[in-house]
Amino acid sequence: MPEALHTRFTQFLLESEALKFGSFTLKSGRQSPYFINAGAFDDGAKIATLGEFYAEKIQHEIAEGRLDSRIDTVFGPAYKGIPLAVSTSIALQNRYHATVGYTFDRKERKDHGDGGIMVGKPLQDGMNVLLVDDVMTAGTAVREVVPKLKSVADVNIIGLVLSVDRMEKTKDSDLSAVQAVENEFGFPVFAIANVREIFAAGKQLFGEDGAPYVTDQIAVAAQTYLAQYGA
Ligand SMILES: O=P(O)(O)OC[C@H]1O[C@H](OP(=O)(O)OP(=O)(O)O)[C@H](O)[C@@H]1O
Ligand SMILES: O=C(O)c1cc(=O)[nH]c(=O)[nH]1
């Protein structure tokens, strides 16, 4: 039987050194013992593979009836969402013969040339837009980008696909940020892997030195963090 998607993805994260262990300050201000750095997918092979993971997840959710198959464009929020949107649309084309656009935003409006705040497939009323992003912690990035999209056109956001759901509580409830975003905006959120799957798989995966990527010390630090912030 082929390995589960989340196990293969965990291996890819670890081999690419996109999953780091140490002490990291998050956008939310939380101090985390692990960090997913999508900037580590820094060559053609890695970004192509990443796009294939997204395309596989998208096709799976479509096949399961949880995601609309009519996707006009894949939208990735700047900055780290940009290569995600591009590589996902390439992988959907190459793997599944599905031609979809890609679009991303500028963090600052451009007043000359093509101008505006969006790049790529132009957003138009009624378009089906699939969001992609790397991780969700508190959901701030999504809450910022949805109104930005809606300010350009009355698009239909059909879902969000993440690399990793960090499974963290929102500040003011016990809901996870993913659940809160689903309730708030009414679209489904999918993740190629969640943090608990990653730590379970990581204990069974070994680096070139023969040691497990997730040592007991790392696992305890992650458990302690999730006991405080996990949903
Ligand atoms: O769920 P949240 O609490 O919003 O945290 C996750 C977001 O934070 C990071 O982006 P960031 O805004 O740092 O921008 P970047 O893509 O330019 O690194 C990350 O890429 C996610 O988009
Ligand atoms: O919450 C964040 O800021 C964050 C967490 C993470 O694992 N990776 C990332 O790029 N940002």
Side-chain angles (χ1 to χ4, degrees), residues 6 9-10 12-14 16-42 46-47 50-51 53-54 74-88 102-108 117-120 129-149 157 159-173 175-185 187-199 201-202 213-214 218 221-222 224-226 228-231:
H6 59 81
F9 189 64
T10 301
F12 175 59
L13 280 178
L14 290 164
S16 306
E17 298 184 10
L19 171 55
K20 292 284 199 190
F21 306 111
S23 181
F24 305 91
T25 304
L26 306 185
K27 196 161 76 176
S28 55
R30 293 174 184 175
Q31 202 68 29
S32 172
Y34 50 87
F35 190 80
I36 286 82
N37 175 21
F41 303 118
D42 58 2
K46 288 180 206 145
I47 200 70
L50 184 64
F53 275 111
Y54 274 81
V74 177
F75 181 93
Y79 289 99
K80 294 210 208 79
I82 298 172
L84 293 184
V86 176
S87 60
T88 300
Y102 67 85
T103 312
F104 55 88
D105 58 327
R106 296 179 189 280
K107 284 205 173 180
E108 285 163 13
I117 52 170
M118 296 293 170
V119 181
V129 177
L130 178 64
L131 305 181
V132 287
D133 204 1
D134 50 359
V135 303
M136 190 184 293
T137 303
T140 310
V142 177
R143 288 192 183 87
E144 282 168 4
V145 88
V146 169
K148 204 167 173 181
L149 285 169
I157 300 174
L160 164 64
V161 183
L162 303 165
S163 289
V164 178
D165 174 4
R166 291 182 52 108
M167 302 183 80
E168 297 195 21
K169 278 191 286 217
T170 56
K171 281 206 175 96
D172 42 16
S173 83
L175 285 182
S176 75
V178 160
Q179 290 164 334
V181 163
E182 288 184 325
N183 292 348
E184 238 170 281
F185 295 107
F187 55 71
V189 179
F190 308 103
I192 299 170
N194 68 48
V195 76
R196 294 183 204 277
E197 290 168 338
I198 287 172
F199 278 98
Y213 282 106
V214 175
I218 290 170
T224 308
Y225 179 80
L226 285 170
Q228 185 172 5
Y229 295 116

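Both counts, for ligands and for their atoms, begin at 1 and track the order of listing.
- Both the backbone and the side chain of A141 come within 4.0 Å of ligand 1, counting heavy atoms alone.
- Relative orientation of the F187 and F185 rings is parallel, given thresholds of 30° and 60° on the angle between their planes.
- Interface atoms of ligand 2 facing K80, defined by a heavy-atom separation under 4.0 Å, are 10 (O).
- Side chain of S16 to main chain of A18: no donor-acceptor pair is present (N/O by atom type, distance under 3.5 Å, no hydrogens or angles).
- Heavy atoms of R30 stay at 4.0 angstrom or farther from ligand 2.
- Judged purely by distance below 3.5 Å, without hydrogens or angles, the side chains of Y229 and Q31 never pair a donor atom with an acceptor atom.
- Put simply, part of V135 is less than 4.0 Å from ligand 2, judged by heavy atoms.
- Given atom 22 (O) of ligand 1, the protein heavy atom at minimum distance is D133 OD2, 2.7 Å.
- Taking every heavy atom of both residues into account, I192 and E197 meet most closely at O-OE1, 4.4 Å.
- In terms of N/O distances under 3.5 Å, ligand 2 is approached by T137.
- Screening Y213, Y225, F21 against Y34 for a ring pair (Phe, Tyr, Trp, His ring centres under 6.0 Å) leaves a single residue, Y225.
- The distance criterion of under 3.5 Å between nitrogen or oxygen atoms is met by G139 with respect to ligand 1.
- At most 12 heavy atoms of other shown residues, nucleotides or ligands fall within 6.0 angstrom of atom NZ in K171.
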Please assess L19 against V164 for the test side-chain contact (heavy atoms from CB on, under 4.5 Å), listing each intermediate value before the final yes or no.
CA-CA 10 Å; L19 171 55; V164 178; over 6 Å; no
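- Atoms of ligand 1 found under 4.0 Å from any heavy atom of M136, numbered from 1 in the order shown, are 1 (O).
- The atoms of ligand 2 that sit less than 4.0 Å from any heavy atom of R166 are 5 (C), 6 (C), 7 (O).
- Below 30°, between 30° and 60°, or above 60°: for F53 and F9 the angle between ring planes is above 60°, a perpendicular geometry.
- Note: no N/O pair closer than 3.5 Å links Y34 and ligand 2 by distance alone.
- Protein heavy atom in closest approach to atom 8 (O) of ligand 1: K27 NZ, 3.4 Å.
- Near I36, with a cut-off below 4.0 Å to any heavy atom, the atoms of ligand 2 are 6 (C), 7 (O), 8 (N), 9 (C), 10 (O).
- Compare L84, D134, V181 by their heavy atoms: the one nearest to atom 21 (C) of ligand 1 is in D134.
- Within a 6.0 Å radius of CD in E184, more than 12 heavy atoms belonging to other residues, nucleotides or ligands are found.
- Scanning all heavy atoms of the two residues, the minimum distance from L50 to F41 falls at CD2-CD1, 3.6 Å.
- Under the 4.0 angstrom criterion for non-hydrogen atoms, K107 is in contact with ligand 1.
- From the protein, the heavy atom lying nearest to atom 3 (O) of ligand 1 is A138 N, 3.0 Å.
- If you check which protein heavy atom lies closest to atom 18 (O) of ligand 1, you get K80 NZ, 2.9 Å.
- Between R143 and V181, the closest side-chain pair of non-hydrogen atoms falls below 4.5 Å.
- Taking distance alone, with nitrogen or oxygen atoms compared against 3.5 Å, K27 approaches ligand 2 more closely than that limit.
- A 4.5 Å side-chain heavy-atom check between V132 and Y102 finds every atom pair outside the cut-off.
- Looking only at heavy atoms of the protein, atom 6 (C) of ligand 1 is closest to V135 O, 3.6 Å.
- Closest heavy-atom contact between G159 and L130: O-CD1, 3.4 Å.
- The protein heavy-atom contact nearest to atom 11 (N) of ligand 2 is F35 CE1, 3.5 Å.
- For atom 15 (P) of ligand 1, the closest heavy atom belonging to the protein is Y79 N, 3.8 Å.
- Proximity of S28 to ligand 1 is not established, as no heavy-atom distance is less than 4.0 Å.
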